[in-house]
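Remarks on the structure that follows.
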Protein chains: 2
Amino acid sequence: MWHMVRQSTEVVRERVLNAAADLFDRYGVHAVGLQRVIDEVGCGKYMLYREFPSKDDLIVAYLRRSCQYWDQTLDSTRATTTRPEEQLIELVRTVSRQVPGTRGCPLRNTYAEFPEHDHPARQVALEHFSLVRQQLGDIARQTGAPEPDRLAERILLIINGLYSPGHTAGPEDMSEISVTLARDIVAVETGKHPTRDQSGQRAEAR
Amino acid sequence: MWHMVRQSTEVVRERVLNAAADLFDRYGVHAVGLQRVIDEVGCGKYMLYREFPSKDDLIVAYLRRSCQYWDQTLDSTRATTTRPEEQLIELVRTVSRQVPGTRGCPLRNTYAEFPEHDHPARQVALEHFSLVRQQLGDIARQTGAPEPDRLAERILLIINGLYSPGHTAGPEDMSEISVTLARDIVAVETGKHPTRDQSGQRAEAR
DNA sequence: ATGGTAGCAGACCGATCGGTCTTGTGTTGT
DNA sequence: ACAACACAAGACCGATCGGTCTGCTACCAT
């Protein structure tokens with residue numbers, strides 16, 4: 001009945017999304033035109049607009065994928081240890097490792113690029129921020145800390161700080177600095193011996 | 001000899017810069033066209049281009065002014081107390097108070113908007129980041145903390161976190177959370193009794 | 001009063017944006 | 001072999017970008 005599709009839509013969709021995500025990550029959403037995406041993919045406009053009827057649709061797909069990446073990061077982090085205290089610290093470590101060399105967090109950057117309150121990109125980003133807050137809250141609660149919400153907010157503050165633009169300009173040992181800070185925070189909040197014992201270093205050597 | 005200028009160039013320059021700064025702050029540099037600035041000011045293009053020969057010049061002026069604001073913030077913070085420990089905490093408090101309702105830090109946002117390494121805006125922003133790092137380092141050193149650089153980086157991490165886009169989406173007591181965290185950090189780093197004594201609240205109630 | 005000029009308004013320019021439509025070509029199933 | 005189809009290429013559209021240029025108006029010193 002059908003004349004057999006040359007390219008399955010999923011394949012095209014994936015190729016377009018890959019190229020767009022790469023360009024968006026590197027140059028920002030506003031700065032990248034769809035023509036550039038098309039040139040990168042090597043397809044016609046026809047295909048792109050079949051998969052993503054508008055640029056906003058493409059942006060939303062890009063952000064949703066970024067959300068998935070975060071979820072994967074969180075899951076794999078959770079898998080490394082069962083202790084919730086270590087999970088929080090490990091999360092900070094992971095973020096601090098994957099930030100250098102990038103422009104930061106796609107969701108945060110894109111959120112900043114679209115101040116119009118009704119833009120679909122903001123919706124996705126806000127949902128994500130809310131989810132992250134909830135996820136951190138869950139882990140923090142498992143630690144048995146007396147004030148889990150404050151613990152979660154503190155860790156989130158560090159993670160946001162790591163994603164901050166221009167942070168790369170700092171010393172290259174941001175990983176150690178942020179991880180040891182997270183460790184101190186967790187220690188203070190869980191009451192498990194907060195005092196600094198000078199052993200901040202712990203083979204953090206990136 | 002001259003037919004008397006109707007508007008002194010300084011006045012025009014200031015009015016243009018005011019309008020541009022307001023729009024850039026609210027909508028982002030890329031999203032604001034010069035026509036919109038002109039409409040806001042109520043002057044002709046002639047005047048704008050006489051003061052700022054190109055948009056980049058306007059952007060740079062906007063960023064330099066933002067740097068001045070920061071310097072003022074820092075100075076007034078320093079003036080509130082002579083104790084360097086309190087200065088760091090007060091700085092965090094100030095930032096946490098002025099962030100809500102804004103789009104964050106103009107310098108950080110604009111830096112994120114221009115990934116091209118040779119853009120003049122990046123130059124200004126990078127200089128600022130470097131200066132801030134140095135300023136925080138100076139104060140941290142005055143505390144006599146054994147590792148002042150780490151203390152400074154920790155405080156900077158919090159400040160960057162506060163400026164993070166989408167942070168406004170969080171609870172409204174970010175001020176208290178960040179300030180108490182800063183307090184804990186300073187206590188830990190200076191060795192002055194790190195243990196949490198539950199008295200995080202201190203009439204922080206915005 | 002009048003000539004000269006500062007400055008606002010807006011036409012205008014080429015480039016580029018997101019998005020649509022056409023055209024030519026190469027593959028496919030029959 | 002041939003008709004049907006999918007696709008890449010790109011012309012095209014209106015809007016808007018940064019930036020230039022030109023009138024017209026209103027004010028000024030003389």
Side-chain angles (χ1 to χ4, degrees), chain A residues 1-21 23-24 26-63 110 113-116 118-121, chain B residues 1-21 23-24 26-63 110 113-116 118-121:
Chain A
M1 48 180 295
W2 268 95
H3 271 68
M4 194 58 190
V5 276
R6 315 278 179 79
Q7 299 241 42
S8 116
T9 61
E10 284 80 12
V11 171
V12 173
R13 192 181 172 85
E14 201 61 22
R15 288 209 302 152
V16 170
L17 197 45
N18 279 337
L23 291 171
F24 287 166
R26 278 192 290 167
Y27 305 108
V29 172
H30 270 141
V32 173
L34 295 189
Q35 188 56 58
R36 208 156 150 203
V37 176
I38 286 163
D39 291 344
E40 200 77 11
V41 177
C43 72
K45 287 195 175 185
Y46 176 86
M47 301 296 284
L48 186 145
Y49 278 97
R50 193 183 50 167
E51 299 300 322
F52 306 97
S54 79
K55 190 179 184 182
D56 283 351
D57 292 291
L58 182 56
I59 294 170
V60 167
Y62 160 63
L63 293 184
T110 307
E113 274 196 87
F114 293 92
E116 308 88 8
D118 55 346
H119 196 281
Chain B
M1 52 178 297
W2 267 94
H3 270 70
M4 193 58 191
V5 276
R6 312 278 181 81
Q7 301 243 37
S8 110
T9 61
E10 284 80 12
V11 171
V12 174
R13 193 182 172 85
E14 202 61 24
R15 290 209 303 151
V16 170
L17 196 46
N18 280 337
L23 291 170
F24 287 167
R26 279 192 290 168
Y27 306 108
V29 172
H30 269 141
V32 173
L34 295 190
Q35 187 55 58
R36 210 157 149 200
V37 176
I38 287 163
D39 291 344
E40 201 77 11
V41 178
C43 72
K45 286 194 174 184
Y46 177 86
M47 301 296 284
L48 187 145
Y49 277 99
R50 192 184 51 166
E51 298 301 321
F52 306 97
S54 77
K55 188 178 185 182
D56 283 351
D57 292 292
L58 183 55
I59 295 170
V60 167
Y62 160 63
L63 294 184
T110 307
E113 274 196 89
F114 293 91
E116 307 88 10
D118 55 348
H119 196 283

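So that the names make sense, note that chain A is the first sequence line, chain B the second, and so on, each numbered from 1. Scope of the values below: all heavy atoms of this structure, side chains included, with no hydrogens, waters or symmetry mates.
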Listed nucleotide nearest any side-chain atom of B:Tyr46, set C:dC8, C:dG18, D:dA8: C:dC8

Parallel, tilted or perpendicular, as decided by the 30° and 60° cut-offs, for the rings of B:Phe114 and B:His30: tilted

Touch class at under 4.0 angstrom, heavy-atom based, for B:Val32 against every strand present: sugar-phosphate

Could you tell me whether a side-chain N or O of A:Lys45 sits under 3.5 Å from a main-chain N or O of A:Leu34, the two making a donor and an acceptor? no

NZ of B:Lys45 versus P of D:dT22: gap in Å, rounded? 15 Å

I'd like to know if the side chain of B:Glu51 reaches the main chain of B:Val16, judged simply by a donor and an acceptor atom lying under 3.5 Å from each other, with no hydrogens or angles considered. no

From CZ of A:Arg36 across to C1' of C:dG19 the rounded distance in Å is 19 Å

Whole-Å gap separating P (C:dC21) and CZ (A:Arg50): 17 Å

Between C1' on C:dA9 and CD on B:Glu40, what's the gap in Å once rounded to a whole number? 17 Å

Using a heavy-atom cut-off of under 4.0 Å over every strand shown, decide if B:Val41 touches base, sugar-phosphate, or nothing. nothing

Rounded to whole Å, please give me the gap between CD1 in B:Ile59 and P in D:dG18. 9 Å

Side-chain heavy atoms of A:Val41 within contact of A:Leu48, under 4.5 Å: no

From CG of A:Asp39 over to P of D:dA9, roughly how many Å is that when rounded to an integer? 9 Å

D:dT22 P sits how many Å from B:Met47 CE, rounded? 19 Å

Output the rounded distance in Å from CD (A:Glu51) to P (C:dG18). 18 Å

